[in-house]
Asker: 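For reference, the structure I am asking about is given below.
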Amino acid sequence: MTVSTHARRARVHVTGAASTAVRPVLAAPRRPARVLAVFPAGVYLEVRTDLEPSVIGVITGEATRLPNSVLLATPLPRVTVGDDASVGDRAIDLGSLSLRVRRWWDPAPPLGRTDPARLAHAAALLADPPGTGLAGNGAIGLLAGSCAEGRLLGVVTAAEQLMGLGPGLTPSGDDVLAGLLVTLRHLGAATGTGRAIWLADWLAATVTFDARTRTTRISATLLHCAARGEASPEVIAVLRGIAGRQALEPALRRLHRLGHTSGADLAQGIAIGLAAVLALSGAR
């Protein structure tokens with residue numbers, strides 16, 4: 001890290017590790033951005049672009065590593081909501097910070113081939129996760145039943161009802177849909193269940209078509225990421241546990257600790273996706 005002094009203020013030059021999900025925005029020509037939200041361990045920037053992710057998180061190691069994040073090894077600068085920033089040319093300028101991306105990490109690592117029969121033991125552990133934000137909501141039941149039966153109309157109808165449903169920066173309905181999308185993509189590919197991937201393609205088209213007008217900016221970006229199978233390490237760890245690549249129960253406990261209900265809602269989406277892959281593959 002180096003510090004250089006300019007006429008108005010000192011600039012702190014650092015490097016960071018970015019998710020490959022944000023490579024299109026970071027590699028594009030420099031664009032203006034603004035501070036959308038500020039947390040003790042992270043800052044979210046909204047970039048003026050038609051590309052996705054249009055919201056990028058600049059975070060420290062204490063924050064949840066969402067798939068649209070750039071990870072710093074230094075403290076965050078003091079900024080407030082509405083402050084100006086810029087993103088592009090593989091760099092981010094934010095307050096006194098001048099960040100250049102040197103390393104990349106993958107938010108959608110493949111699981112590898114898995115026998116669908118190996119997944120069945122995990123279904124009981126994921127069934128009815130506690131603490132969800134939409135317990136008893138009829139759209140959840142419609143989504144689960146339609147996915148398991150491969151009924152596209154029911155899936156799309158339920159998704160339209162769930163988008164943006166619930167409070168917070170990532171509403172519960174969006175978290176459920178994100179968990180479902182990532183699961184259909186990864187477990188569908190791992191088991192060779194083409195029907196699950198087909199369902200994920202149509203669901204992705206539905207939730208990303210007008211996400212920016214249906215939900216919060218941060219949640220819309222995360223839905224775009226989920227549509228491509230990109231997720232936080234906590235979600236990927238649960239999918240690896242389902243596939244038998246690591247212990248499932250500790251991964252589930254870590255996932256449930258995310259946010260107020262976000263972890264539980266993501267787990268509910270994963271459970272719906274798992275049940276769908278089992279049904280569509282013929283393993284159940």
Asker: Would V81 end up clustered with I59 when hydrophobic side chains under 4.5 Å apart are linked, directly or stepwise?
Answerer: no

Asker: Give me each pair satisfying side-chain hydrogen bond (donor to acceptor under 3.5 Å, both in side chains) with a member in residues 224-251, each pair once, sequence neighbours excluded.
Answerer: T114-R245, R228-E230, S232-E234, R240-Q246

Asker: So how far is it from L177 CG to T208 OG1, rounded to the nearest 0.5 Å?
Answerer: 11.5 Å

Asker: Please tabulate, for the side chains in residues 132-144, all donor-acceptor contacts under 3.5 angstrom to protein atoms that are two or more places apart in sequence or on a different chain.
Answerer:
| residue | atom | partner | partner atom | Å |
| --- | --- | --- | --- | --- |
| N137 | OD1 | A139 | N | 2.8 |

Asker: With rounding to the nearest 0.5 angstrom, report the CD1 to CG distance, I242 to L125.
Answerer: 9.0 Å

Asker: If you count heavy atoms of other groups shown closer than 6.0 angstrom to NE2 of H121, is the number above 12?
Answerer: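 Result for NE2/H121: enclosed.
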
Asker: Quick one: side chain to side chain contact (heavy atoms under 4.5 Å, CB included) partners of R113, sequence neighbours excluded?
Answerer: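 By the side chain to side chain contact (heavy atoms under 4.5 Å, CB included) rule, R113 matches no residue at all.
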
Asker: Is any side-chain heavy atom of V12 less than 4.5 Å from a side-chain heavy atom of S98?
Answerer: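 Not touching, per the 4.5 Å side-chain cut-off.
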
Asker: With sequence neighbours excluded, what pairs up with R34 under the salt bridge (Lys or Arg N to Asp or Glu O under 4.0 Å) test?
Answerer: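 Listed in chain order: E46.
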
Asker: Flag the pair L255 / I270 as yes when at least one side-chain heavy-atom distance between them is below 4.5 Å, and no otherwise.
Answerer: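 Side-chain contact under 4.5 Å: yes.
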
Asker: Which atom names give the shortest non-hydrogen contact between A28 and L51, and what distance separates them?
Answerer: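 It is CB-CD1, 4.3 Å.
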
Asker: Work out which heavy atom in P130 is nearest to a heavy atom in A264; give both atom names and the distance.
Answerer: O-CB, 3.3 Å

Asker: Partners of S219 by side chain to side chain contact (heavy atoms under 4.5 Å, CB included), sequence neighbours excluded?
Answerer: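 Partners of S219 under the side chain to side chain contact (heavy atoms under 4.5 Å, CB included) test: T170, P171, D174, T215, T216.
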
Asker: Does the side chain of L266 reach to within under 4.5 Å of the side chain of V182, using non-hydrogen atoms?
Answerer: no

Asker: Determine the minimum heavy-atom distance between A190 and G112, stating which atoms define it.
Answerer: CB-O, 3.2 Å

Asker: If you group Ile, Leu, Val, Met, Phe, Trp and Tyr by side-chain heavy-atom gaps below 4.5 Å, do I197 and L280 land in one group?
Answerer: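 The answer is no; the residues belong to distinct hydrophobic clusters.
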
Asker: Cluster question for you: counting only ILVMFWY and a side-chain heavy-atom cut-off of under 4.5 Å, with indirect links fine, are W105 and L72 together?
Answerer: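 Each belongs to a different hydrophobic cluster.
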
Asker: Sequence neighbours left out, what pairs pass side-chain hydrogen bond (donor to acceptor under 3.5 Å, both in side chains) with at least one residue falling in residues 178-206?
Answerer: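 Non-adjacent pairs meeting side-chain hydrogen bond (donor to acceptor under 3.5 Å, both in side chains): R185-D201, T191-T193.
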
Asker: For R212, enumerate each residue passing the salt bridge (Lys or Arg N to Asp or Glu O under 4.0 Å) test, keeping only those at least two apart in sequence or located in another chain.
Answerer: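 So R212 forms a salt bridge (Lys or Arg N to Asp or Glu O under 4.0 Å) with E52.
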
Asker: Cluster partners of L222, using ILVMFWY side-chain heavy atoms under 4.5 angstrom, listed by chain and number?
Answerer: L36, F39, Y44, V55, L66, L169, I218

Asker: Nearest heavy-atom pair of A276 and L184: which atoms, and what distance?
Answerer: CB-CD2, 4.1 Å

Asker: Donor-acceptor pair, R254 side chain versus V238 backbone, under 3.5 Å?
Answerer: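 No: the side chain of R254 does not pair with the backbone of V238.
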
Asker: Sort and list the pairs that fulfil side-chain hydrogen bond (donor to acceptor under 3.5 Å, both in side chains) and have at least one residue in residues 76-85, not counting sequence neighbours.
Answerer: T80-D83

Asker: Would you say the side-chain atoms of T221 and N68 include a donor-acceptor pair closer than 3.5 Å?
Answerer: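 No - no donor-acceptor pair under 3.5 Å links their side chains.
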
Asker: Quick one: are H13 and R100 in side-chain contact, heavy atoms under 4.5 Å?
Answerer: no

Asker: For residues P107 and S19, determine if any side-chain heavy atom of one lies less than 4.5 Å from a side-chain heavy atom of the other.
Answerer: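 Answer yes - side chains close enough.
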
Asker: Which pairs pass side-chain hydrogen bond (donor to acceptor under 3.5 Å, both in side chains) with one or both residues in residues 155-164, sequence neighbours excluded?
Answerer: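 Those involving residues 155-164 are E160-R214.
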
Asker: Do T49 and R31 make a side-chain contact, defined as non-hydrogen atoms from C-beta onward lying under 4.5 Å apart?
Answerer: yes

Asker: Applying the 4.5 Å side-chain criterion to the ILVMFWY set and letting contacts propagate, would L71 and V79 be lumped into a single cluster?
Answerer: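 No, L71 does not connect to V79 through the hydrophobic network.
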
Asker: The criterion is side-chain hydrogen bond (donor to acceptor under 3.5 Å, both in side chains); which residues satisfy it with S146, sequence neighbours excluded?
Answerer: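 Applying side-chain hydrogen bond (donor to acceptor under 3.5 Å, both in side chains) to S146 gives R151.
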
Asker: Write down the atom of P53, the atom of V22, and the distance for their closest heavy-atom approach.
Answerer: CG-CG1, 3.9 Å

Asker: If I take atom CG from residue L278 and atom CG from residue L187, how far apart are they, to the nearest 0.5 angstrom?
Answerer: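 Here the interatomic distance stands at 8.5 Å.
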
Asker: For R30, which residues count as a side chain to side chain contact (heavy atoms under 4.5 Å, CB included) partner, sequence neighbours excluded?
Answerer: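 Only S86, D89, A91, D93 meet the side chain to side chain contact (heavy atoms under 4.5 Å, CB included) criterion with R30.
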
Asker: As an exercise, state the distance from OG1 of T60 to CZ of R65, rounded to the nearest 0.5 Å.
Answerer: 12.5 Å

Asker: Enter the distance from L203:CG to L152:CG here, rounded to the nearest 0.5 Å.
Answerer: 9.0 Å

Asker: Can L76 be reached from L45 by stepping across I, L, V, M, F, W or Y side chains whose heavy atoms are under 4.5 Å apart?
Answerer: yes

Asker: Looking at every non-hydrogen atom in both residues, tell me the closest pair between A33 and V87 and how far apart they are.
Answerer: CB-CG2, 4.1 Å

Asker: How far does OG of S281 sit from CG of L119, to the nearest 0.5 angstrom?
Answerer: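 Reported value, rounded in 0.5 Å steps: 7.0 Å.
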
Asker: How about L26 and I92: do any of their side-chain heavy atoms sit closer than 4.5 Å?
Answerer: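 Yes, their side chains come closer than 4.5 Å.
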
